[in-house]
Amino acid sequence: MKTLLRGKDWIETVDWTKEELETVLEVSKYLKIKFALGEEHRLLQDKTLFMMFFEQSTRTRNSTEAAMTQLGGHAHDLTPDKMQISHGETPKDTGKVLSRYGHGIAIRNCFYGIGNKYIREVAKEADIPVVNLQCDVDHPCQSIADLMTIQEKYSTNSLKGLKVTVAWTYAPAYARPLSVPQGLITLLPRFGADVTLAYPKEFKLIPRTVEDAERFSKETGAKFKIIHDMDEAFKDAHVVYPKSWGCHQFLAEQNIPEEERKKIGMEYLNKYKDWVCTAERMKLARKEAIYMHPLPADRGAEVEDAVIDGPQSVVFDQAENRLHTVKAILSLVMGGRP
Ligand code: CP
């Protein structure tokens, strides 16, 4: 187990070795037990985390702030309008200044083509660790909590032989980032999972993430495939993870002007109203299959209530594991071995 992780940025899981990720999972389990027993675990006493949210959040904001409180520190809940970012302050200056005041910076910036670059720019200039709370490329705090949840539900650290289906779903409310499916396909094959990625052709992912998924699968002997049929993807799955994402990558590749993307994206979306996780479709998966979703779910569009509220759903266990895993990440990178 590699334990010297103090000062390391948590931006994409691909930046961490498998051994380092295993340390995060082990520490998460330890802190989950401490939390269950009501035992103190003030590992970041008097430390400060600056949380910068460019978008809304329920789980990420509250799990991270609660984590800092329970670890004995404090989190500042910041948005661009509370800072000089809205007046054009650069990521370099923000990173350098916050480094003089505290011990960690955590950022959510999901703008397509911008978010990951912004976080990496802050990290390059900051003298304190930077944690990605979701960007356009990865949502590592979500995927590590999802991995922990699968390990718990199947009572195994290795996902070898498990078929995990990550499927696009219809959801008309807004175009979600690509980072959740990308985070899953780049992490789960490293732990041996056979991943099937299913989406209508306009909803492709960023090619670099697919290449990473293919490379990791090859290294571990796992199977990775992309198909465009939701029923086929569900067949015999141990884990189904159906969720919506936007067609940002496809629209960018087609050189659709920025101002037309929303309207054209909605036209593509409306072609696939039958990509829904129904109770009927769940019957295609294995009897013991679990249903996962990072939340917020668009109930009635992405998924039927009978599924998300049904016995196969583990969505609230996933949400809970966001607390334990972010505590582990923050403790390791902001505290850790002296
Ligand atoms: N799953 C997740 O990141 O939820 P929030 O957008 O509410 O943080």
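Side-chain atoms are counted along with the backbone in the values below, which use heavy atoms only and exclude waters and symmetry mates. Since we're looking at a predicted model, the values are computed, not measured. First listed ligand is number 1; within each ligand, the first listed atom is number 1.
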Note to self: With heavy-atom distances below 4.0 Å as the criterion, list the atoms of ligand 1 near Pro294.
What the structure shows: 1 (N)
Check: At a 4.0 Å threshold, what atoms of ligand 1 neighbour a non-hydrogen atom of Thr58?
Finding: 5 (P), 7 (O), 8 (O)
Margin query: Which of the numbered atoms in ligand 1 are under 4.0 angstrom from any heavy atom belonging to Thr60?
Written below: 2 (C), 3 (O), 5 (P), 8 (O)
Checklist line | Leu295 neighbourhood, listing ligand 1 atoms whose heavy-atom distance to it stays under 4.0 Å | finding: 1 (N), 2 (C), 4 (O)
Checklist line | Axial cation check for Tyr174 ring with Arg176, 6.0 Å and 45° limits | finding: yes
Margin query: Centroid separation under 6.0 Å, is that true for the rings of Phe35 and His324?
Written below: yes
Checklist line | Lys/Arg cation over aromatic Phe216: Arg190, 6.0 Å, 45° cone | finding: yes
Check: In ligand 1, which numbered atoms sit nearer than 4.0 Å to a non-hydrogen atom of Arg322?
Finding: 1 (N), 2 (C), 3 (O)
Check: ligand 1 versus Glu55, non-hydrogen atoms closer than 4.0 Å: side chain, backbone, both, neither?
Finding: neither
Item checked: Aromatic plane relationship, Trp168 with Phe203 - under 30° parallel, 30 to 60° tilted, over 60° perpendicular -> tilted
Margin query: Among all protein heavy atoms in this structure, tell me which lies nearest to atom 4 (O) of ligand 1, with the distance rounded to 0.1 Å.
Written below: Arg59 NE, 2.9 Å
Checklist line | Heavy-atom closest pair, residues Thr186 and Gly183 | finding: OG1-O, 3.3 Å
Check: Considering only protein heavy atoms, which is closest to atom 6 (O) of ligand 1, and at what distance to one decimal place?
Finding: Arg108 NH1, 2.9 Å
Checklist line | Val122 to Pro91 - nearest heavy-atom pair and separation | finding: CG2-CB, 3.6 Å
Item checked: His139 neighbourhood, listing ligand 1 atoms whose heavy-atom distance to it stays under 4.0 Å -> 2 (C), 3 (O)
Check: Quick check: are there more than 12 heavy atoms from other residues, nucleotides or ligands sitting under 6.0 Å from NZ of Lys225?
Finding: no
